[in-house]
Protein chains: 2
Amino acid sequence: MSRTIDPYNAVPKYYQLASILRQKIEEGELQPRSAIPSERQLESIYHLSRTTIREAIYNLVQQGFLYREHGRGTFVSPQKLQKGWMELTSFSEDLVKRGMQPGQIIRGLERVVPSPRILQRLELSPGSSVCRIERVRLGDGTPIGLQTSYLALNPDQHITLEDLEATGSLYRILSEKFNIYPSEADETLEVTLATPEEAALLEITPGAPLLLSERVLFSQERRPVEYVKILYRGDRYQYYTHLKR
Amino acid sequence: MSRTIDPYNAVPKYYQLASILRQKIEEGELQPRSAIPSERQLESIYHLSRTTIREAIYNLVQQGFLYREHGRGTFVSPQKLQKGWMELTSFSEDLVKRGMQPGQIIRGLERVVPSPRILQRLELSPGSSVCRIERVRLGDGTPIGLQTSYLALNPDQHITLEDLEATGSLYRILSEKFNIYPSEADETLEVTLATPEEAALLEITPGAPLLLSERVLFSQERRPVEYVKILYRGDRYQYYTHLKR
DNA sequence: CTGGTCATGTGGTCACTACCAGTTACATTA
DNA sequence: TAATGTAACTGGTAGTGACCACATGACCAG
């Protein structure tokens with residue numbers, strides 16, 4: 001990783017600067033709560049305009065690496081987990097972070113016409129068909145969640161079993177294969193009790209408490225992309241989220 | 001609400017412009033998915049520099065009102081609920097949004113030395129005292145949640161019963177009385193079963209499933225401000241969150 | 001009809017300049 | 001000594017001017 005700005009590089013200078021600063025933070029060269037050089041100082045250090053400096057800093061502030069105090073300076077945030085929600089809402093990434101080995105059993109992968117309620121959530125007209133994926137999610141080989149996804153894909157956009165088995169991450173497929181980059185999501189969580197069928201799949205007793213998550217995922221342009229329902233085993237799962245203003 | 005830029009107004013021009021555009025979106029003058037005037041057009045319409053225009057638009061994009069497409073234009077997002085998480089994580093605001101009448105029974109308000117685990121979450125040294133608030137939260141008169149807050153306040157910073165009863169919102173007190181503006185939070189949610197004591201307070205049967213939320217709230221400077229534990233009645237509460245990248 | 005080229009409009013990046021608004025330390029003053 | 005001003009920082013707002021990257025539609029050559 002370079003520590004200087006390359007003006008001939010295709011990547012924008014503000015981005016190069018942000019990378020340099022982020023690296024210095026991650027490596028501990030810039031200590032938490034300590035001030036980074038002022039904008040005027042950075043100007044002469046890297047021979048960039050203040051506009052560019054501020055753009056870089058602004059990005060790092062957005063990402064939670066820095067915080068500013070008017071009249072005092074710009075400071076390094078004490079590092080929290082600090083992971084994007086994409087990684088948090090992705091089941092597989094999520095499990096890895098908890099130190100568990102992710103696994104899955106794909107129970108279904110097909111095109112269906114879902115219930116009116118789901119179509120409405122996806123803002124599709126009645127009778128539209130979507131791609132439905134049903135999976136049992138495993139952590140260290142034990143069932144942890146029962147996940148059913150409904151994807152608003154055109155009939156010519158196919159997801160194959162191979163895709164799913166290769167990555168395990170739906171979001172990676174969406175971005176790499178269809179250029180769909182999720183940017184927002186609405187999610188609800190509530191408590192429910194396992195039906196006999198669900199209990200069998202999750203290897204628990206019927207009536208055991210479950211955590212039910214329903215999420216609608218939106219693309220950059222605010223188009224609903226996915227409706228997903230996940231039933232988590234209440235005894236083996238803790239939902240985590242990081243909220244930013 | 002004015003629809004022009006007042007250069008003598010103390011509020012920044014980019015903010016004035018953002019307000020004007022937001023208003024036009026909310027009133028429907030700018031339709032969802034339609035393009036707003038280009039940056040060069042806005043320049044001549046409002047007699048502002050492109051810098052200022054872009055600052056205004058950037059803010060609205062951050063807030064989810066607009067989205068940009070390079071080479072095509074800037075467009076109005078289809079309006080979702082679009083509420084800040086502050087309002088969502090505030091119990092009282094939250095209930096109002098669901099059309100319920102919020103209420104509370106204050107069971108305790110005192111300074112205590114909490115458990116080491118809570119002190120650690122608040123990044124305080126062992127033996128530190130914090131302000132503890134225990135409340136039963138009501139919706140339309142019925143118990144919905146059991147909330148215990150631990151606030152990292154100095155011994156000279158006092159919250160009174162009157163404060164709490166006046167607003168019901170802790171976050172309003174934090175900002176208005178102590179100039180503490182929460183900006184981020186870590187939250188976990190899991191399923192648990194009601195102890196006899198909890199069951200009594202929530203007016204349910206012991207062993208009934210509950211939604212347990214634990215949250216650590218951070219100020220602008222990433223200092224932990226509040227540790228709060230909420231037990232929600234599983235049968236009467238649905239947790240909602242909006243995730244943004 | 002197909003595929004390329006090009007002009008034009010869009011947002012994206014960047015430099016330079018100026019002044020405003022908080023914060024702090026320190027010298028000055030009452 | 002205590003209050004107060006002030007200079008020298010910090011980040012915040014704003015204008016101007018330039019060029020780049022991407023999207024689109026009109027046009028032309030095959």
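Every chain is numbered from 1, with letters handed out A, B, ... down the list of sequences.
Atom NZ in K13(B) sits roughly 19 Å away from atom P in dG12(D) (whole-Å rounding). A straight line from OH of Y46(B) to C1' of dG15(D) spans 19 Å, rounded to a whole angstrom. Computed from coordinates, the E39(B) CD to dG17(D) P distance equals 17 Å when rounded to whole Å. As rounded to whole Å, 17 Å separates atom P of dT16(D) from atom CZ of R54(B). As rounded to whole Å, 14 Å separates atom P of dA14(D) from atom CD of E43(B). Nucleotide dT16(D) holds its C1' atom 14 Å from the CG atom of L48(B), rounded to whole Å.
Proximity of I25(B) to L66(B): side-chain heavy atoms (C-beta onward) are separated by under 4.5 Å at one or more points. The side-chain heavy atoms of I20(A) and I5(A), taken from C-beta on, include a pair separated by under 4.5 Å. Considering only heavy atoms from C-beta on, S77(B) stays 4.5 Å or farther from F65(B) through its side chain.
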Open item on the list: Within the 4.0 Å limit for protein heavy atoms, which parts of nucleotides 18-25 of chain D are touched? Write it as a string from 5' to 3', B for base, S for sugar-phosphate only, - for none.
Closed with: BB-BBSS-
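With N59(A) contributing its side chain and A56(A) its backbone, the two residues share no donor-acceptor pair below 3.5 Å. Within the 3.5 Å criterion, the main-chain N or O of L164(B) finds a donor-acceptor partner in the side chain of Q104(B). Formation of a donor-acceptor pair under 3.5 Å by the E187(A) side chain with backbone atoms of S213(A) is not found in this model.
Scanning DNA chain C 5' to 3' for nucleotides with an atom closer than 4.0 angstrom to a non-hydrogen atom of chain B gives a first and last hit of dG9(C) to dT13(C).
Sorted by first and then second residue, the pairs that involve residues 42-52 of chain B and meet salt bridge (charged side-chain N to carboxylate O under 4.0 Å, His left out), not counting sequence neighbours, are E39(B)-R50(B). Note on residues 9-19 of chain B: no pairs pass salt bridge (charged side-chain N to carboxylate O under 4.0 Å, His left out), not counting sequence neighbours.
Judged by distance alone, the side chains of Y227(A) and R132(A) never bring a donor and an acceptor atom under 3.5 Å apart.
Within 4.0 Å of I57(B), counting heavy atoms only, lies no atom of the nucleic acid at all. Among the atoms of the strands shown, only primed sugar atoms or phosphate atoms (P, OP1, OP2) are found under 4.0 Å from some heavy atom of Q41(A).
Considering only residues two or more places apart in sequence or on other chains, R121(A) meets the salt bridge (Lys or Arg N to Asp or Glu O under 4.0 Å) condition with none of them.
The shortest distance between the side-chain N/O atoms of T51(B) and the OP1/OP2 oxygens of dT13(D) is not below 4.0 Å.
Residues T52(A) and P37(B) both approach DNA chain C. Their nearest nucleotides, taken by heavy-atom distance, put P37(B) toward the 5′ side.
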Identify all pairs in which a protein N or O lies below 3.5 Å from an N or O of nucleotides 3-5 of chain D, and state each distance.
none

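In this structure, R3(B) pairs ionically with E27(B), as a charged nitrogen and a carboxylate oxygen lie closer than 4.0 Å.
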